A.B. asks: 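Sending over a structure as structure tokens; questions will come in a sec.
All chains are named by letter (A, B, ...) in the order of the sequence lines, taking the proteins before the strands, and each is independently numbered beginning at 1. Quick caveat, the model's predicted, so the values are computed rather than measured.
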2 protein chains.
Amino acid sequence: MDTSHTLEASPAERRRRRVREAILSAAERVFAVEGEAGLSIRRLADEIDYSPAAIYKYFGSKNELVDELKEAFFERILGKIDDQRSSTEAYPARARSCLATYVRTALEKPHHYAAAFSSIEADTEEHNETEPADHHASNKGRAFQYLSELVKEGIYAGHFRAELKPDEAAKALWASCHGLAMMMSHISDFPAMPHEPPQDRDAFIDYHSDLLIRGLEA
Amino acid sequence: MDTSHTLEASPAERRRRRVREAILSAAERVFAVEGEAGLSIRRLADEIDYSPAAIYKYFGSKNELVDELKEAFFERILGKIDDQRSSTEAYPARARSCLATYVRTALEKPHHYAAAFSSIEADTEEHNETEPADHHASNKGRAFQYLSELVKEGIYAGHFRAELKPDEAAKALWASCHGLAMMMSHISDFPAMPHEPPQDRDAFIDYHSDLLIRGLEA
DNA sequence: CCAAAAATTTAACACCGTTCACTTTTCAAA
DNA sequence: TTTGAAAAGTGAACGGTGTTAAATTTTTGG
């Protein structure tokens, strides 16, 4: 019998999961505060009282480990957006809330958020024909899809200009929110907005979201 | 006599400048293609046929060297914006051109641009009272100032809503353009926009700029 | 209890930025 | 032209990094 699918895993599996979790949570702790710079395999090994090489039995590389942190956080962002998306708020405000929520959640863990966008993705020369558009599967694809549907909704409801192409608009919105998140978390002298009272930050995020939505309006 | 200010520098000075320039241009070459990851002091030393330690006679650290690349590129961006700013184009179009130019220039050297915004600036606890707002001196301060004045102009000309606060609007614009530049250069699957014909990229940048300006309009 | 398998460690490799003591080169004054 | 100091450049090392292979310990099932 194959017991690998039972709810109660074997003790060996449980132990393995515990160690894996310990690695991830140590990594999470360090990464949240010091980012990729402060996170070294050796330091991680120290914190969980294992040897550095042990970590490689749980993760293929440091990048794989960090990727898991990034993906987890990005999924959290998506979740929060999805909540707003299906909230009962009236439309134009709901759209603004989605944008603002994206930025606010990104600001919760600046290092995570920035790292998720830090790699310059290679051009891979010839189009990979074998996997045509798995955009819908990836987290980033989902983010784009959410926004695209949000725009469509606004068009159908008559709030946005009818000639808008939802996909283009979604890209523009996403990029703009991404920029705001990066600026607010990375540029401490983003003029007159360093670590002022949180309500000011919130107000500015709302302001930015409003400006973007206005740009789509009829 | 102090000869250090004569136009013709001493031979020693000229040699020193040549070597310094060689280091910088090798660094520029590598950095443009491979970014900070591919740039090591040892590799630089190899390329210019010096020993690694020699480089430290010209730059205090690798960071100082890279900073010089980043600053130089950011100044190029500012220059291009300034050109647009003082062009003869009619107003709302001129504003769009400024935004689009910022993004287009950033895309010329993605690694440079990204690196210029890559550091999370520390909170430094207590405000540094000794240097109250040197925003106007720094390159980023200048970028902000340009945009702020651009918005003011739009308000006075009656194109933008009168109640807009120029500084807030400028921050929003800047952040949005920053986001677009980062997205377009870093996310190769920024959906349906990887390395399509350049005219498509240009068109999208214009689209984005237009959307932002619309958000400010009365 | 014992052998096979899994988990873990030790030690090394090849890098990295940086520093320091040392040698070589340059250059102006005697 | 010789000399001596300053400048330029080097070699070797230090402590750090990610990663891997072999050896070792621990766990597990028959």
A.B. asks: Whole Å only: how far is the OH atom of A/Y56 from the P atom of D/dA22?
C.D. replies: 18 Å
A.B. asks: When you measure from every atom of DNA chain C, which of residues 20-34 of chain A have a heavy atom less than 4.0 Å away?
C.D. replies: none
A.B. asks: According to side-chain contact (heavy atoms from CB on, under 4.5 Å), who are the partners of A/A100, at least two apart in sequence or on a separate chain?
C.D. replies: A/R104, A/I205, A/D206, A/S209
A.B. asks: Tell me the interatomic distance from A/I41, atom CD1, to D/dT20, atom C1', rounded to whole angstroms.
C.D. replies: 13 Å
A.B. asks: Roughly, in whole Å, what's the span from CD in A/E64 to P in D/dG18?
C.D. replies: 15 Å
A.B. asks: Just jot down the side chain to side chain donor-acceptor pair (under 3.5 Å) partners of A/T101, sequence neighbours excluded, or say none.
C.D. replies: none
A.B. asks: Using a 4.0 Å heavy-atom cut-off across all strands, classify B/L44 as base, sugar-phosphate, or nothing.
C.D. replies: nothing
A.B. asks: Going by the rule ring-ring contact (aromatic ring centres under 6.0 Å, His included), which residues pair with A/F73 if we only count those two or more places apart in sequence or in a different chain?
C.D. replies: A/H112
A.B. asks: Using whole Å, report how far NZ of B/K62 lies from P of D/dT17.
C.D. replies: 15 Å
A.B. asks: Can you list, pair by pair, the side-chain donor-acceptor contacts under 3.5 Å of residues 44-53 of chain B, counting residues two or more places apart and other chains?
C.D. replies:
from  : atom 1 : to    : atom 2 : distance (Å)
B/E47 : OE1    : B/R29 : NH1    : 2.9
B/E47 : OE2    : B/R43 : NE     : 3.4
B/S51 : OG     : B/A54 : N      : 3.4

A.B. asks: List the residues meeting side-chain contact (heavy atoms from CB on, under 4.5 Å) with B/N63, not counting sequence neighbours, and say none if there are none.
C.D. replies: B/E36, B/S61
A.B. asks: Could you tell me which residues satisfy ring-ring contact (aromatic ring centres under 6.0 Å, His included) with B/H178, sequence neighbours excluded, listed by chain and number?
C.D. replies: B/Y113, B/F117
A.B. asks: Sequence neighbours left out, what passes side-chain contact (heavy atoms from CB on, under 4.5 Å) with B/E75? Give chain and number order.
C.D. replies: B/N139, B/R142
A.B. asks: Can you list every pair that meets salt bridge (Lys or Arg N to Asp or Glu O under 4.0 Å) and has a residue in residues 55-67 of chain B, with sequence neighbours left out?
C.D. replies: B/D67-B/K70
A.B. asks: Distance alone, cut at 3.5 Å: any donor-acceptor contact between the side chains of B/S176 and A/H208?
C.D. replies: yes
A.B. asks: Go through DNA chain C in 5' to 3' direction and return only the first and the last nucleotide with some atom under 4.0 Å of chain B's heavy atoms.
C.D. replies: C/dC16 to C/dC27
A.B. asks: List in chain and number order the residues that pass side-chain contact (heavy atoms from CB on, under 4.5 Å) with A/E21, two or more places apart in sequence or in another chain; answer none if no residue qualifies.
C.D. replies: A/L24
A.B. asks: In this structure, how many angstroms lie between the P atom of D/dA8 and the CZ atom of B/R18, rounded?
C.D. replies: 13 Å
A.B. asks: Using modelled atom types and a 3.5 Å cut-off, is there a donor and acceptor pairing between side-chain atoms of A/R94 and backbone atoms of A/E89?
C.D. replies: yes
A.B. asks: Between the protein and nucleotides 9-15 of chain D, which nitrogen or oxygen pairs come in under 3.5 angstrom?
C.D. replies:
from   : atom 1 : to    : atom 2 : distance (Å)
D/dG9  : OP1    : B/Y50 : OH     : 3.0
D/dG9  : OP2    : B/Y58 : OH     : 2.6
D/dG9  : N7     : B/K57 : NZ     : 2.9
D/dG9  : O6     : B/K57 : NZ     : 3.0
D/dT10 : OP2    : B/S51 : N      : 2.7
D/dT10 : OP2    : B/S51 : OG     : 3.3
D/dA13 : N6     : B/R42 : NH2    : 3.3

